[in-house]
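Below: the structure, in structure tokens.
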Amino acid sequence: HGRTDSTQSHSALLSEIRTPIKTEPFSDLYSLIPGKELGRGKFAVVKKCVEKRTGREYAAKFLRKRRKGQDCRLEIIHEIAVLELATASPRVISLHQVYETASEMILVLEYAAGGEIFNQCVAERDEAFTEGDVKRLMRQILEGVVFLHDNSVVHLDLKPQNILLTRESPLGDIKIVDFGLSRMVSGGQELREIMGTPEYVAPEILNYEPISTATDMWSIGVLAYVMLTGTSPFLGDDKQETFLNISQINISYTEEELVGLGASPINFMKSLLLKDPQARASAKECLNHPWLQLQPQEGEGLEKPLPIPVPPLSLEKGEEEESLETEE
Ligand code: ADP
Ligand code: MG
């Protein structure tokens, strides 16, 4: 039995960075744009700023070094190291500079002006993605994930809030952000239990089973579902129910949300939302999936808006739902 979690997770962290850590006051070199908070998580605030010398816009991620009484500097160094490792991929946000104060580290990141894809996932249909958009963006997400997995990095928090756009309209390209939960999966050591966001977490995380690149592929399956339908496939009324839905793979591919979608995107999601991590398609395999091949399939398909989700009119539940527990 292993109460060696901390050493295990430390071996999964990178500790060497080449970006110089600057200690001069951040505000000497950058002006914060007033009222422009780009986002906020448990331990970070992200603000838009302008580099005084160049006039260029950036996103500054302010990370607290102490969290719940713990020194988290090493984890932040790891986040920086992963961003450095990923500079070769245009699908991962690039890191410009790093500052450190007594209480925080500031990552100066490339600014993704289009914001989170989350906004368009849950938007009204006229502003939401078309299936053609989803296909193009999903290809880009997978290109980023192939790069990460080829380099033994698992992201472990892939969700619409961590996938940004270079511009909103016309729709730009995606940038993967937030490597705060990411880990290295090379070397024999097993890595278990790093909790991501309930709705996107894979069954093996809930079961305290080994984490691998396939753990990200589960999240890609959930992401595809959310991008195509605007609804979250496993979301329950509370965390418990969400976790139960995931561990039972309580998903029905005949939901009204999916009506109007072709067999191909459904088959794509089914190849990822599998309990057995080894059975899931890899990121490379996903790029070769027929759904993501660029030839227009029915001639008109690409610009057609996605089906409008029908609000549930009655409470009658599909009695068949239970039977889909374990697909393939
Ligand atoms: P956390 O670890 O707190 O989730 P993230 O790195 O995910 O931190 O950043 C939080 C939010 O800030 C993101 O969901 C996004 O909305 C916004 N954000 C982060 N980085 C950028 C960026 N480079 N450009 C624009 N917005 C960003
Ligand atoms: Mg985040």
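Order of appearance sets the numbers: ligands from 1, and atoms from 1 within every ligand.
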| query | Salt bridge or not for Asp28 and Lys52, using N-O below 4.0 Å? | reply | no
| request: Answer with side chain, backbone, both or neither: which part of Ala112 has a heavy atom less than 4.0 angstrom from an atom of ligand 1? | output: both
| Part of Asp178 within contact of ligand 1 (heavy atoms, under 4.0 Å) | both
Which residue supplies the protein heavy atom nearest to [atom], what is that atom called, and how far is it?
atom: atom 16 (O) of ligand 1; result: Glu116 OE2, 2.5 Å
atom: atom 6 (O) of ligand 1; result: Lys61 NZ, 2.8 Å
atom: atom 10 (C) of ligand 1; result: Val46 CG2, 3.8 Å
atom: atom 23 (N) of ligand 1; result: Glu110 O, 2.7 Å
atom: atom 11 (C) of ligand 1; result: Gly39 CA, 3.7 Å

| message | Taking 2.8 Å as the cut-off, does Asp178 contribute an N, O or S atom near the Mg ion (ligand 2), distance below it? | response | yes
| said: Suppose we only count N/O/S atoms under 2.8 Å; would Gln161 qualify as near the Mg ion (ligand 2)? | reply: no
Element-labelled atoms of ligand 1 that are located less than 4.0 Å from some non-hydrogen atom of [X]:
X: Asn162; value: 7 (O)
X: Ile93; value: 23 (N)
X: Ala59; value: 21 (C), 22 (C), 23 (N), 24 (N)
X: Gly41; value: 3 (O)
X: Ala44; value: 3 (O)

| Cation-pi between Lys48 and Tyr58: NZ/CZ under 6.0 Å from ring centre and within 45° of the ring axis? | no
| field | Lys159 charged N/C atom sitting above Phe118 aromatic ring, 6.0 Å / 45° | value | no
| task | For the residue pair Arg91 and Asp173, establish whether any side-chain heavy-atom pair is separated by less than 4.5 Å. | result | yes
| request: Among Lys175, Glu84, Glu110, find the residue that satisfies the side-chain hydrogen bond (donor to acceptor under 3.5 Å, both in side chains) test when tested with Ser94. | output: Glu110
| Glu204 and Lys275: CA distance, side-chain angles, deciding distance, salt bridge (charged side-chain N to carboxylate O under 4.0 Å, His left out) verdict | CA-CA 8 Å; Glu204 61 270 25; Lys275 182 135 193 156; over 6 Å; no
| task | Give the single entry among Lys175, Gln161, Arg40 that approaches atom 14 (O) of ligand 1 most closely by any heavy atom. | result | Gln161
| remark: atom 20 (N) of ligand 1: of Leu38, Leu164, Leu165, the nearest heavy atom sits on Leu164
| task | Just say parallel, tilted or perpendicular for the rings of Trp218 and Phe234, cut-offs at 30° and 60°. | result | parallel
| Per the side chain to side chain contact (heavy atoms under 4.5 Å, CB included) rule, which among Ile163, Val222, Asp133, Val134 passes with Met227? | Val134
| query | Roughly how far apart are Leu272 CG and Ile220 CD1, rounded to 0.5 Å? | reply | 7.5 Å
| said: Please report the interatomic distance CD1(Ile117) to CD1(Ile174), rounded to the nearest 0.5 Å. | reply: 8.0 Å
| said: Can you tell me if Gln70 has over 12 outside heavy atoms packed within less than 6.0 Å of its CD? | reply: no
| query | Could an N or O of ligand 1 be found under 3.5 Å from any N or O of Phe43, whether backbone or side chain? | reply | no
